Amino acid sequence: MTTELATLPNLMPALPEILLAVGAMVLLMLGAFGGSKTSQVVNGLAVAVLIIAGAILLLSSGGTVTTFNDAFIQDPFARLMKVLVLIGSGFSLAMSVGYTQEEKFDRFEYPVLVLLATVGMMLMLSANDMIAVYLGLELQSLTLYVLSSFKRDSAKATEAGLKYFVLGALSSGMLLYGMSLVYGFTGQTSFVGIAEAVHVEGAGIGVIFGLVFILAGLTFKISAVPFHMWTPDVYEGAPTPVTAFLAAAPKVAAMGLIVRVVMTAFDPMDLQWQQVITFVSILSMVLGAFAAIGQRNIKRLMAYSSISHMGYALVGLAAGSSAGVVGVIVYLITYLAMTLGTFAAIMSMRRRDGMVERIDDLAGLSRNDLPMAVLLGVLMFSLAGIPWMGGFIGKWFVFSAAIEAGLYPLAIIGVLASVVGAFYYLRIVKIMFFDDPAPVFERPANELRLVLVISGLFMASMVFYVSPIRTVAELAANSFF
């Protein structure tokens, strides 16, 4: 017995993940035995579990620890990104309360699935081994497939879930094929082992092919071009709370995973992966900017917006420097706040006959609901990168890192894409403040107003506390340097 206990891994670094997994199982049992009347209780308890997990992360020591034979790493970067993921999941659940009741799908399985998806995302951020990457990624993906089609009586939701599943399976296959190539040519699955093997033996053609396939599988998760085709249909077809969740926490987790993979496992191959990241970044920024111009559905517009914003975040990663990683982190913080606030406004677009999603339905909002129009206008300015909103600050960090690294064409293309993208964000502002009023929306739920206020104020005042945000981002980025 003593020998067995001595070989048990240290579970404390993974305590937040264990808490979420156990919490999900307990809430599943509570919902199964309590029936549909427990859905709101389960939702509230799920938010409480997320808050407790976040508190554990914030109170844990700031050093770097590994466990499970170094397959799981807990460092400042992982802690910060996990806190962002928990914020995204918690706010997404809180925003869904009123919507699920109105749309008659407030079932207890929904918050349980969100908890399990969050466990997968947190495992992704602490993965220090290719097998751990795949386990975390698939746990997240399988739950997101179910969530996308959660509204079973909706044909659009079923179609969205099916498309996401089929294309997601394709991306998982490419990811696994890339991992098998890397393992075959290096003999390693751990990030440290892969980096050492590449450093000693050099980057052979097999490892380079493996890297490309791995990045293809991972960039699918952030809906970067050319692996973006699922995004508009899934964003439009999935229930709006699910779309808000998809646009927030999973994007942050997948971007964090990409940063860890390239900065740790493939650090000796920086020239090769920087070329791939630069190519994907340019395509994402340009396509996201131009494809959104003709959109009339606001959820589809946000889909193309997320594609372009992931492209902007990749600009910082392409720099391959500490300043670049800091830029990615700051950009993800601003992206998370902007996305949650915007979807809080979208979920407030309800009339007596149900939800509306057309951009034209926002016409004259300033005369019907001035506070909501002002806050949504602030978020649109921030998404467009108008000085000195939070979105502008995020772009400043990533473009500055690219310029420091000598990537002048990438920075110039990013700025030009931002100018194009500003058109469709400012068009929404024009519709809200200058067009003839459309029929009035019903009063939004208090939780939606609260999220919208917090997000709008955060974006409008970020310039005053960008210094502490930068300090935290630098501490996290130092995990790789």
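Just so it is clear, the structure is predicted and the values come from calculations on it, not from any experiment.
Side-chain N or O atoms of R152 include none that pairs as donor or acceptor with a backbone N or O of A157 at under 3.5 Å. For S190 (side chain) and G193 (main-chain N/O), a donor-acceptor pair under 3.5 Å exists by modelled atom type. A side-chain donor-acceptor contact under 3.5 Å links T67 to the backbone of N10. Remark: side-chain polar atoms of S382 are not paired, donor with acceptor, to backbone N or O of V378 under 3.5 angstrom. Counting only distance, with no hydrogens or angles, the side chain of T66 and the backbone of F72 share no donor-acceptor pair below 3.5 Å. Between the S366 side chain and the M432 main chain, a donor and an acceptor come within less than 3.5 Å of each other. A donor-acceptor pair under 3.5 Å is absent between the side-chain atoms of K163 and the main chain of M229, judged by distance alone. A donor-acceptor pair under 3.5 Å is absent between the side-chain atoms of T38 and the main chain of G34, judged by distance alone. Without hydrogens or angle criteria, S305 side chain to L301 main chain gives no donor-acceptor distance under 3.5 Å. When atom types are taken as modelled, the side chain of E447 and the backbone of G98 share a donor-acceptor pair closer than 3.5 angstrom.
The nearest pair of heavy atoms linking A21 to V119 is N-CG2, 3.7 Å. The two atoms that bring Y424 and G288 nearest to each other are OH-O, 3.4 Å, heavy atoms only. The shortest non-hydrogen separation linking S281 to G311 is OG-O, 2.7 Å. Of all non-hydrogen atoms in M95 and L340, the two that sit nearest each other are SD-O, 3.7 Å. In terms of heavy-atom proximity, A253 sits nearest to L125 at O-CD2, 3.5 Å. Shortest non-hydrogen contact noted between F245 and S89 is CE1-OG, 3.4 Å.
Looking only at atom types and distance, the side chain of H228 has no donor-acceptor partner in the side chain of Y304 under 3.5 Å away. A donor-acceptor contact closer than 3.5 angstrom links the side chains of S223 and K251. Judged purely by distance below 3.5 Å, without hydrogens or angles, the side chains of T189 and D129 pair a donor atom with an acceptor atom. K221 and Q140 are not linked by any side-chain donor-acceptor pair at a separation below 3.5 angstrom, with hydrogens and angles left out of the test.
The six-membered or imidazole ring of Y145 lies near that of F165, with a centre-to-centre distance under 6.0 Å. Taking the six-membered ring for Trp and the full ring otherwise, F266 and W273 have centroids separated by 6.0 Å or more. Ring to ring, Y425 and F381 are not that close: their centroids are 6.0 angstrom or more apart.
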- Checking salt bridge (Lys or Arg N to Asp or Glu O under 4.0 Å) for the pair E357/R300: CA distance, chi angles, key distance, verdict? CA-CA 9 Å; E357 297 176 357; R300 290 185 72 89; over 6 Å; no

- Stepwise, does the side-chain contact (heavy atoms from CB on, under 4.5 Å) test hold for Y110 with V242? CA-CA 9 Å; Y110 178 73; V242 175; 3.7 Å; yes

- Item | Derivation of the side-chain contact (heavy atoms from CB on, under 4.5 Å) call for V192 and D70 | CA-CA 9 Å; V192 175; D70 294 337; over 6 Å; no

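Annotation: F480, atom CZ; neighbour count of heavy atoms from other residues, nucleotides and ligands within 6.0 Å is above 12. Taking a 6.0 Å sphere around OH of Y465, one finds it holds more than 12 heavy atoms contributed by other residues, nucleotides or ligands. For M12, the CE atom counts as loosely surrounded, since its 6.0 Å shell holds 12 or fewer non-hydrogen atoms of other residues, nucleotides or ligands. For CD1 of I131, the number of neighbouring non-hydrogen atoms (other residues, nucleotides, ligands) closer than 6.0 Å is 12 at most. Atom CG of N478 is surrounded by more than 12 heavy atoms from other residues, nucleotides or ligands within 6.0 Å. No more than 12 heavy atoms of other residues, nucleotides or ligands shown are found within 6.0 angstrom of OH on Y183.
Looking at heavy atoms from C-beta onward, L383 lies out of side-chain contact with M459 at the 4.5 angstrom threshold. Between L50 and L115 there is a side-chain heavy-atom pair separated by less than 4.5 Å. M355 is not listed as a side-chain neighbour of E102, based on a closest heavy-atom distance of 4.5 Å or more. Residues T143 and T118 form no side-chain contact, since every pair of their non-hydrogen atoms from C-beta on lies 4.5 Å or further apart. In this structure, L211 and V182 have side chains that are not in contact, with every pair of non-hydrogen atoms separated by 4.5 Å or more. Between S306 and T339 there is no side-chain heavy-atom pair separated by less than 4.5 Å. Residues Q74 and S60 are not in side-chain contact: their nearest non-hydrogen atoms beyond the backbone lie 4.5 Å or more apart. Side-chain atoms of L376 and L362, non-hydrogen and from C-beta on, do get closer than 4.5 Å to each other.
Aromatic ring orientation, Y177 versus F213: perpendicular (interplanar angle above 60°, classes split at 30° and 60°).
A salt bridge between D361 and R351 is present, with a side-chain N of the basic residue lying under 4.0 Å from a carboxylate O of the acidic one. Contact check on D233 versus K299 returns no salt bridge, with no Lys/Arg side-chain nitrogen under 4.0 Å from an Asp/Glu carboxylate oxygen.
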